[in-house]
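Everything on this sheet refers to the single structure shown next.
Being a predicted model, the structure only gives us computed values, none of them experimental. Residues: numbered from 1 along the sequence shown. In what follows, every heavy atom counts, from backbone to side chain, and hydrogens, waters and symmetry copies are set aside.
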Amino acid sequence: YDINSYQDIGQKVLPKLRELCNKYNFSILFIHHLNKETKAKREHIRKAGVLMNISSLPGPFGIGVFGEEAFDFVDKLEEIKFGFWQILPLGSLDYGNSPYASDSAYAGNYRYIDPRQLFEAGLLSEEDVENCTYKGSPYTVDYGFVYESREIMLKKAFENYKALPAEEAMPIAAEIR
């Protein structure tokens, strides 16, 4: 969109934003700043984005994952010319499921791993992926289901990885990095 004013935002962008907000359950964060190159001219550059955690992406696994749903969401953001997707911390969750009290500043949250990617890497069977599939709404997070199913999933994937001959395991390790 060619956005030149707040009126343009209201007429061109907000209808699409409402659609996305309803589908993905996120809030909108508008950022207003001065571009360094045009600071002397005081030309304002406006960018918009969203604040939404990975866990809020709808999907089949009881929690949002770094899988096709995340890529689809980014494509939608690009389609409506958003410049930012701010996510919450990606560390492990504390006992209240808060991303702000992680055990580590460096460790990622294994619950965001897409079981389909482990299947594609040959580390899980179709049945394993099906066991990770949440039977409830794709728009809610079920932490109890996710904690239990992800631990089983990762143990199976690791056991399958350990059983691979070295020449098969090394390319998978390189790809996962």
Side-chain angles (χ1 to χ4, degrees), residues 14 16-31 48-80 82-164 169 172-177:
L14 287 181
K16 277 288 205 190
L17 288 179
R18 284 189 193 96
E19 178 186 330
L20 284 173
C21 286
N22 289 334
K23 183 174 181 182
Y24 292 107
N25 191 25
F26 68 78
S27 300
I28 301 169
L29 171 68
F30 284 97
I31 298 175
V50 296
L51 170 62
M52 185 178 82
N53 197 25
I54 299 301
S55 64
S56 296
L57 288 167
F61 301 112
I63 195 168
V65 296
F66 285 114
E68 64 186 64
E69 295 82 10
F71 288 98
D72 290 346
F73 183 66
V74 170
D75 290 342
K76 293 285 186 192
L77 294 177
E78 182 180 43
E79 181 183 314
I80 62 171
F82 268 28
F84 303 100
W85 176 9
Q86 181 178 346
I87 56 177
L88 300 180
L90 297 174
S92 60
L93 305 176
D94 72 353
Y95 291 105
N97 300 318
S98 170
Y100 295 105
S102 179
D103 295 342
S104 171
Y106 302 104
N109 189 337
Y110 66 88
R111 293 170 189 97
Y112 299 149
I113 296 173
D114 188 341
R116 295 169 293 201
Q117 292 174 348
L118 294 175
F119 170 76
E120 289 170 12
L123 299 176
L124 291 179
S125 69
E126 285 185 35
E127 181 182 349
D128 295 330
V129 174
E130 183 61 33
N131 290 337
C132 292
T133 303
Y134 181 60
K135 308 302 183 230
S137 170
Y139 299 102
T140 60
V141 175
D142 184 332
Y143 287 105
F145 173 80
V146 171
Y147 290 164
E148 185 178 322
S149 67
R150 284 305 189 287
E151 192 157 327
I152 293 168
M153 173 196 79
L154 289 175
K155 284 180 181 177
K156 281 191 173 192
F158 182 66
E159 290 301 319
N160 291 336
Y161 178 78
K162 285 191 329 185
L164 291 173
I172 292 173
E175 184 178 320
I176 292 175
R177 280 189 202 172

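In this structure, the separation between CG on N109 and CZ on R150 is 9.0 Å, given to the nearest 0.5 Å. To the nearest 0.5 angstrom, L123 atom CG is 10.5 Å from M153 atom CE. A distance of 9.5 Å separates CG in D114 from CZ in F71, rounded to the nearest 0.5 Å. Rounding to the nearest 0.5 Å gives a distance of 12.5 Å between OG of S102 and CG of L88. To the nearest 0.5 Å, atom CZ of residue R116 and atom OG1 of residue T133 are 8.5 Å apart.
Every side-chain hydrogen bond (donor to acceptor under 3.5 Å, both in side chains) that S125 has, sequence neighbours left out, goes to D128. Listed by chain and residue number, nothing satisfies the side-chain hydrogen bond (donor to acceptor under 3.5 Å, both in side chains) test with T140 (two or more places apart in sequence, or in another chain). Here Y147 pairs with N97 under the side-chain hydrogen bond (donor to acceptor under 3.5 Å, both in side chains) rule; sequence neighbours left out.
Judged purely by atom type and a 3.5 angstrom limit, Q117 uses its side chain to pair as donor or acceptor with the backbone of F66.
Across all their heavy atoms, V65 and I113 have their closest contact at CG1-O, 3.8 Å. Closest heavy-atom contact between F145 and C132: CE2-O, 3.3 Å. P115 approaches L124 most closely through the heavy-atom pair O-CD1, 3.8 Å. Counting all heavy atoms, side chain and backbone alike, Y143 lies closest to S55 at OH-OG, 4.3 Å.
The aromatic rings of F73 and W85 sit perpendicular to each other, their planes meeting at more than 60°, with 30° as the lower class boundary.
Between L118 and V129 the shortest side-chain heavy-atom distance does not fall below 4.5 Å. With contacts defined as side-chain heavy-atom distances shorter than 4.5 Å, the pair I152/N131 does not qualify.
A salt bridge is defined here as a Lys NZ or Arg NE, NH1 or NH2 lying under 4.0 Å from an Asp or Glu carboxylate O, and E151 with K155 meets this definition. Salt-bridge annotation for K156 and E159: absent, with no side-chain N of the basic residue lying under 4.0 Å from a carboxylate O of the acidic one.
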Report the C-alpha distance between E130 and K135 in whole Å, list the side-chain angles of each, state the deciding distance to 0.1 Å, and finish with yes or no for salt bridge (Lys or Arg N to Asp or Glu O under 4.0 Å). CA-CA 10 Å; E130 183 61 33; K135 308 302 183 230; 3.0 Å; yes
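Considering I54, V146, N53 as possible partners of I63, the one that fulfils the side chain to side chain contact (heavy atoms under 4.5 Å, CB included) test is V146.
Annotation: F158, atom CZ; neighbour count of heavy atoms from other residues, nucleotides and ligands within 6.0 Å does not exceed 12.
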